[in-house]
Amino acid sequence: MPELPDVEVFRKYLQSTSLKRRVRDVRTTREELYRDHGRDDVVKALKGSRLEDTRRHGKNLFVKLSGGEWLLLHFGMSGFLKSYRKPAEEPPHQRLVMALDDGSNLAYDSQRLLGTVSVVESPEEYAKRKELGPDALSDRMSAERFAELLAGSRATVKSALMDQGRIAGLGNVYTDETLFQAGIHPRRRASELSGEELEEMYRTMTRVLRKAIDFGAEASNAPRSWLLPRREEGAECPGCGGSIERTTISGRATYFCARCQPP
DNA sequence: TTCCATGTTCCGCA
DNA sequence: TTGCGGAACATGGA
């Protein structure tokens, strides 16, 4: 689930449910999520802090704490946030629960535990340390920057777009969607794309991501013209009525239409 | 039972 | 030396 649009939806959700609230208590399960520091450091930083502000870089969500540090939430393949008041509303695999001073709870749920919870100095420091590229929707990104970042890659355009060190935010699903809507075959080499193709791909990417945020990054709410709800081998291509194919690129399931996206 | 999943990191190879 | 592709990671649903 969590690529840039999903994480942006989570950010807005946290902003509307839990901002300016103070953390009264913290419950955690499972050590696996605390890869950077120990779990104790995260709990210590959270307890008694107010949630002051939110930021997002690529797939990373940052929450500013009143102590000055930032909570980092990365959602891996299966994470999400849930705010609730009654125990009956608890999500099924909550791994970190903050009890807030208005009686609500903010839970980080991650079935597959591939995410990360940490405390960092700042979003900028973290992005630099992890060597993340510019966020796909930030104002530091542009058609020119996008073209430069991709032209330097010998990889397939699919892997280059998913490389967080080039552009932060695209994952498997929205990479396929961007390539589909731009009419570019996922196995083409990034460095072989023309200037026009790169520009078209950039425009398509920003349009896709913004639109996905608008519909809540919910596949069932995606426009019928999108690939997103048809990620299935043999599904009907919404563009030409042909057949959606499945292949594997860099170990990831890749869906595309060979007619709309010629090699 | 086996395969697969929207992410990241590590390792081997060219 | 560097960049790329595949496996591993942990869990559970189809």
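When reading the values below, keep in mind they use all heavy atoms of this one structure, side chains included, and skip hydrogens, waters and symmetry mates.
Look at Lys130(A) and you won't find any side-chain N or O under 4.0 angstrom from OP1 or OP2 of dT8(B). Within the structure, a side-chain polar atom (N or O) of His74(A) is placed less than 4.0 Å from OP1 or OP2 of dT8(B).
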Grab the N/O contacts between the protein and nucleotides 12-14 of chain C below 3.5 Å, and write none if there aren't any.
none

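Annotation: side chain of Thr156(A) is not in contact with side chain of Arg188(A) (no heavy-atom distance under 4.5 Å). Side-chain atoms of Leu228(A) and Phe215(A), non-hydrogen and from C-beta on, do get closer than 4.5 Å to each other. Contact check for Ile213(A) versus Leu4(A): side-chain heavy atoms found under the 4.5 Å cut-off. Contact of the Leu61(A) side chain with the Phe75(A) side chain is registered, since non-hydrogen atoms from C-beta on lie closer than 4.5 Å.
Separating the CZ atom in Arg210(A) from the CE atom in Met205(A) is a distance of 8.5 Å, to the nearest 0.5 Å.
Taking atom CG of residue Asn172(A) and atom P of nucleotide dA5(B), one finds them 8 Å apart after rounding to whole Å. Atom C1' of nucleotide dT9(B) and atom CD of Glu131(A) are separated by 13 Å, given to the nearest angstrom. Going from atom CG of Leu132(A) over to atom P of dG7(B) covers 14 Å, rounded to whole Å. Straight-line distance from the CZ atom of Arg112(A) to the C1' atom of dT6(B): 8 Å, rounded to whole Å. Glu233(A) has its CD atom 14 Å from the C1' atom of dC4(B), to the nearest Å. As rounded to whole Å, 13 Å separates atom P of dG7(B) from atom CG of Leu161(A). The separation between Met162(A) atom CE and dA5(B) atom P is 12 Å, rounded to whole Å. Rounded to an integer number of Å, the gap from CG of Leu113(A) to P of dT9(B) is 16 Å.
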(request) Indicate for each nucleotide in nucleotides 2-9 of chain C, in 5' to 3' sequence, whether protein heavy atoms under 4.0 Å reach the base (B), only the sugar-phosphate (S), or nothing (-). (result) -SSSS--B

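Taking atom P in both dG6(C) and dC4(B), the straight-line distance is 15 Å, to the nearest Å. Comparing the P positions of dC11(B) and dA10(C) gives a spacing of 15 Å, expressed to the nearest Å.
For Glu199(A), the CD atom sits in a loose shell: 12 or fewer heavy atoms of surrounding residues, nucleotides or ligands are nearer than 6.0 Å. The number of heavy-atom neighbours closer than 6.0 Å to NZ of Lys82(A), taken from other residues, nucleotides and ligands shown, is above 12.
When only modelled atom types and interatomic distance are considered, Arg252(A) and Thr175(A) share no side-chain donor-acceptor pair under 3.5 Å.
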(request) Any chance you could lay out the salt bridge (Lys or Arg N to Asp or Glu O under 4.0 Å) test for Asp109(A) and Arg95(A), step after step, and finish with the verdict? (result) CA-CA 6 Å; Asp109(A) 183 298; Arg95(A) 311 298 191 187; over 6 Å; no

(request) Test salt bridge (Lys or Arg N to Asp or Glu O under 4.0 Å) on Arg85(A) and Glu89(A) and set out the steps. (result) CA-CA 7 Å; Arg85(A) 289 177 178 272; Glu89(A) 297 167 351; over 6 Å; no

(message) Show me the dot-bracket string of DNA chain B, counting Watson-Crick or G-U pairs under 3.5 Å, with | for pairs to another strand and [ ] for crossing ones.
(response) .||||.||||||||

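Counting non-hydrogen atoms under 4.0 angstrom, Ala253(A) reaches the backbone sugars and phosphates but no base.
Between Phe146(A) and Tyr202(A), the ring planes lie tilted relative to each other; the angle falls in the 30° to 60° range.
Of the candidate nucleotides dT6(B), dT8(B), dT9(B), dT6(B) has the atom nearest to the side chain of Pro2(A).
Lys128(A) and Glu124(A) are not joined by a salt bridge, as no carboxylate oxygen comes within less than 4.0 angstrom of a charged side-chain nitrogen.
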